[in-house]
Amino acid sequence: QYAYESDQIEVLEEIGITLQNLGEQQNHPILLGVAQITLAEACFLRFQFGIALDLVERAIENLNLTDHRTALANAYMRKSVLCWWKLQYEDAVKAAQQVLLISQSVEEDTPKLLSIVFHAKHVLCVVYYAQGEADKCLDLAEKIHREYMHRLDPYDRIRTLYMLGYAHL
């Protein structure tokens with residue numbers, strides 16, 4: 001997470017390749033899925049959205065072979081973000097909705113899952129905004145603010161506030 005947030009692309013690539021090698025050696029779909037998400041994040045930071053989306057699709061395939069619902073939700077969340085960046089709004093909405101569906105089957109409410117669900121709802125909000133659906137954007141932004149503001153890290157709190165700002169334009 002730190003390498004991604006601090007734009008340390010080479011570190012992400014090293015971690016992703018190491019995880020991929022371990023996953024291939026052990027035929028471990030969770031390691032492979034996490035490796036592919038990590039490499040996708042490096043591609044995202046390099047603005048290689050198509051390659052990143054392909055990697056996330058492969059991660060989803062691998063993670064579907066496991067019971068690790070949080071990792072699968074994370075993969076769909078990354079897909080929703082990538083689709084948004086590629087202006088594939090319908091696919092972004094579908095992926096974000098998958099996150100919300102998957103999250104309902106996760107029994108433990110962890111900070112990681114909270115963040116994943118928040119980001120999926122954030123994608124829905126910015127898609128509504130991009131498509132000119134200001135009322136839907138405002139309604140969702142207000143719900144997100146009420147539900148999440150007190151539980152988010154500072155960076156995501158700022159996201160919540162700028163969503164509200166955009167929604168009022």
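A quick note: this is a predicted structure, and the numbers were derived from the prediction, not measured.
In this structure, the salt bridge (Lys or Arg N to Asp or Glu O under 4.0 Å) partners of Glu57, at least two apart in sequence or on a different chain, are Lys79. In this view, Ala92 and Cys83, Trp84, Val123, Val127 satisfy the side chain to side chain contact (heavy atoms under 4.5 Å, CB included) rule, not counting sequence neighbours. Take Lys136 and apply the side chain to side chain donor-acceptor pair (under 3.5 Å) test, not counting sequence neighbours, and it matches Glu133. With sequence neighbours excluded, the residues that form a ring-ring contact (aromatic ring centres under 6.0 Å, His included) with Tyr129 are Tyr166. Arg157 is linked by a side chain to side chain contact (heavy atoms under 4.5 Å, CB included) to Met149, Leu152, counting only residues two or more places apart in sequence or in another chain. Not counting sequence neighbours, the partners of Glu90 by the salt bridge (Lys or Arg N to Asp or Glu O under 4.0 Å) test are Lys94. Taking the side chain to side chain contact (heavy atoms under 4.5 Å, CB included) definition, one finds that Gln97 meets it with Val93, sequence neighbours left out. Residues satisfying the side chain to side chain contact (heavy atoms under 4.5 Å, CB included) test with Lys86, not counting sequence neighbours, are Phe49, Leu53, Gln88.
Checking side-chain atoms of Ser105 against main-chain N and O of Ile102 turns up a donor-acceptor pair under 3.5 Å. Ser115 places no side-chain N or O within donor-acceptor distance of the main-chain N or O of Pro111, the cut-off being under 3.5 Å.
Taking CG of Leu72 as the reference point, atom CG of Asn64 lies at 5.0 Å (rounded to 0.5 Å). Note: Glu13 CD to Leu39 CG = 7.5 Å, rounded to the nearest 0.5 Å. If you take CD1 on Ile37 and CG on Leu63, they are separated by 5.5 Å, rounding to the nearest 0.5 Å.
Annotation for Leu32: hydrophobic cluster partners, listed by chain and number, are none (ILVMFWY side-chain heavy atoms under 4.5 Å, direct or chained).
Linking ILVMFWY side-chain heavy atoms closer than 4.5 Å, directly or via other members, places Val34 and Leu55 in two distinct hydrophobic clusters.
For residues 20-33, the pairs satisfying side chain to side chain donor-acceptor pair (under 3.5 Å) are Gln20-Glu24, with sequence neighbours left out. Listed by first and then second residue, the ring pair (Phe, Tyr, Trp, His ring centres under 6.0 Å) pairs involving residues 100-119 are Phe118-Tyr148 (not counting sequence neighbours). Within the structure, salt bridge (Lys or Arg N to Asp or Glu O under 4.0 Å) contacts touching residues 158-169 (residues at least two apart or in different chains) are Asp156-Arg159.
Contact check for Thr110 versus Leu114: no side-chain heavy atoms found under the 4.5 Å cut-off.
The pair Arg69-Glu107 fails the salt-bridge criterion, with no side-chain N (NZ, NE, NH1 or NH2) lying under 4.0 Å from an Asp/Glu carboxylate O.
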